[in-house]
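Encoded as structure tokens, the structure appears first; notes follow it.
Here is how names work: the chains are called A, B, and so on, in the same order as the sequence lines, proteins then strands, and each is numbered from 1.
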Protein chains: 2
Amino acid sequence: MIAENDGISLMSRCAPKNALNDFDVLGSPLKYEGPLDNPCAACEVREMSICGVLDKDEIEEFVKILTRQTCTAHDPIIDEGEPADFVFNVTGGAVKLFKLLPDGRRQITGFLFEGDFLGIAMNDTYSYSAEAVGDAHMCRFNRRKFEALLDRFPKLERRLLGMASNELAQAQDQMLLLGRKTAREKLCTFLLSLSRRSEKRGYDPSVISVPMSRNDIGDYLGLTTETVSRTFTNLKKDGVIRLLEGNRVKINDAEQLQDLAEGA
Amino acid sequence: MIAENDGISLMSRCAPKNALNDFDVLGSPLKYEGPLDNPCAACEVREMSICGVLDKDEIEEFVKILTRQTCTAHDPIIDEGEPADFVFNVTGGAVKLFKLLPDGRRQITGFLFEGDFLGIAMNDTYSYSAEAVGDAHMCRFNRRKFEALLDRFPKLERRLLGMASNELAQAQDQMLLLGRKTAREKLCTFLLSLSRRSEKRGYDPSVISVPMSRNDIGDYLGLTTETVSRTFTNLKKDGVIRLLEGNRVKINDAEQLQDLAEGA
DNA sequence: GGCAAACCATGATATAGGTCAATCTGTCAC
DNA sequence: GTGACAGATTGACCTATATCATGGTTTGCC
């Protein structure tokens, strides 16, 4: 009744062996006794997530229809064209969304991080694919049940509309980038957006983690791996950034980066 | 009480002299006597618009907060960065949405036609600008009052979410186009989307109207005017399309166009 | 600790599409 | 009908980025 399995098609894709153990407490040793024991209560990204608008009682309803899962790098999460039976909330790690052309050309349309919701643009079938970048944790919802909750909790729907609105604005920024910016401007814009995201979550905006590969960055910015690599090198040479251990990047001058990002 | 003017900043921009006369009947000679006399009753795009979900009584509420306006080519409708005080519903003609870089480079993020809603991605300020392509007619709403109606009519909000979802999917398609398609694929995709739109509205999908300039098309597809022009010529040479009078294009083989659009 | 498989960097070269420039066409005002 | 102006087309040339090729570096696995 508490943890329900609403289908297995995704489990088989996305490594069930990696299912978060801390969720098992809901089903076995510990009985579910109230909001304080539910996984959402301890969830660090709840406030910035779609579920942030819900109060304790509502979260209890929410947790009933949720399954937690973990994916490792390259695990497919959803496949373009498949029936859109699930929606997700990313609770940790990073996820990439992408579309493919018949000949294999790929466009990454977005990266999702903790707190991001996957499934706003839901038709009958998924209109894009999603894969974990590194390890990624997420809450999965049966879409039908999720939509039923939307009906019951209008503020959830309002929140979703707000998120959709934000994503649309972001998408328009990305169109400007893809259509009109140079390679250098593209990369600076990308780094800047990672930096701002870091800042919003309370981290140092001048040292950012860049968990995705050069190839992924290229497919996100409409560039090749080689151009991304060369452009990183150039920015480094020009003293704009410094490459640190562990896929981290030090931004030396955020204002300069901002100017470079807009060709100003 | 019926036609209220909720601000003039836009009127001054968007040629008040062009205000639709058929709206004046509401304010003077004919008294407003019920839904059948309101402009929405005769509106041909209502069914496909956001207002299509409303019943007669609800439409009456809707019409109370609406102002009709007409813009001619290049009339600015909204300006990026300005307070987002209004939302719009396009009832005729075409509107382009765009973003600018400091040096003037422009990316058109979308074209709106009859039935399309402008203002889903609304923050405190507009995140893009909008201009009429040719003559365009629209219903304008004070945003605050519009949002109040959203609260009263949940189905309106649901509809808006659905529209946002569609737009997001479209935006992702456009990112694939901008980031990964060739000039020829871009133009074919564009023509195809115009064709499908025509078909949806009950017109012949094989003869489409292309009201926007080569320059606008270029700024939409991430190309220059010259490349758009050359690519049109090539498609013509290859017998894919034929250019007709009055900015119309004949599509000779829709299936071929579809293949060309995806590089298949 | 060493091997394999990704991933990353960099050099040489190619090319799609941009830039610059000239001409053509259509439209509207008068 | 004519002049003027905006938009479209076409050509010649250029350049930013792609492509191809090689070697280096990291990561993970036994």
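An angle of 50°, rounded to 10°, separates the two end axes of the helix from C:dG1-D:dC30 to C:dC30-D:dG1, each defined over five pairs.
Between the P atom of C:dG17 and the CG atom of B:L221 lies a distance of 12 Å, rounded to the nearest Å. A straight line from CD of A:E185 to P of D:dA16 spans 12 Å, rounded to a whole angstrom. Rounded to an integer number of Å, the gap from CD1 of B:I217 to P of D:dG7 is 13 Å. Atom pair A:E245:CD and D:dT27:C1' shows a separation of 13 Å (rounding to whole Å applied). One atom, NZ of A:K181, and another, C1' of D:dT17, lie 18 Å apart when rounded to the nearest Å. If you measure from atom NZ of B:K186 to atom P of C:dA16, you get 14 Å, rounded to the nearest angstrom. Whole-Å rounding puts the A:R180 CZ to C:dT19 C1' distance at 13 Å.
Figure legend: B:R140 and B:F88 shown without cation-pi pairing, the cationic atom not lying both under 6.0 angstrom from the six-membered ring centre and within 45 degrees of its axis. Under a cutoff of 6.0 Å and an axis angle of 45°, A:R197 and A:F113 do not form a cation-pi pair.
The main-chain N or O of B:E80 is found under 3.5 Å from a side-chain atom of B:S129 such that the two form a donor-acceptor pair.
Two rings, from B:F98 and B:Y128, have their centers 6.0 Å or more apart.
Classification of B:R184 and B:D238 as a salt-bridged pair holds, one side-chain N sitting under 4.0 Å from a carboxylate O. B:R106 and B:D216 are joined by a salt bridge, as a carboxylate oxygen and a charged side-chain nitrogen come within less than 4.0 angstrom of each other. One finds no salt bridge joining A:D219 and A:R105 here, because no Lys/Arg side-chain nitrogen approaches an Asp/Glu carboxylate oxygen to under 4.0 Å.
Looking at heavy-atom distances under 4.0 Å, B:G218 makes no contact with the nucleic acid at all.
Counting non-hydrogen atoms of other residues, nucleotides and ligands closer than 6.0 Å to NZ of B:K250 gives a total above 12.
Closest approach of A:C139 and A:T91 over heavy atoms only: SG-CG2, 3.7 Å.
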Are there any protein N/O atoms within less than 3.5 Å of an N/O atom in nucleotides 6-10 of chain C, and if so, which ones and at what distance?
from   : atom 1 : to     : atom 2 : distance (Å)
C:dC8  : OP2    : A:R214 : N      : 2.8
C:dA9  : OP2    : A:R214 : NE     : 2.8
C:dA9  : OP2    : A:S229 : OG     : 2.7
C:dA9  : O5'    : A:S229 : OG     : 3.2
C:dT10 : OP2    : A:T233 : OG1    : 2.7

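Side-chain nitrogen and oxygen atoms of A:T224 include none within less than 4.0 Å of the OP1 or OP2 phosphate oxygen of D:dT17.
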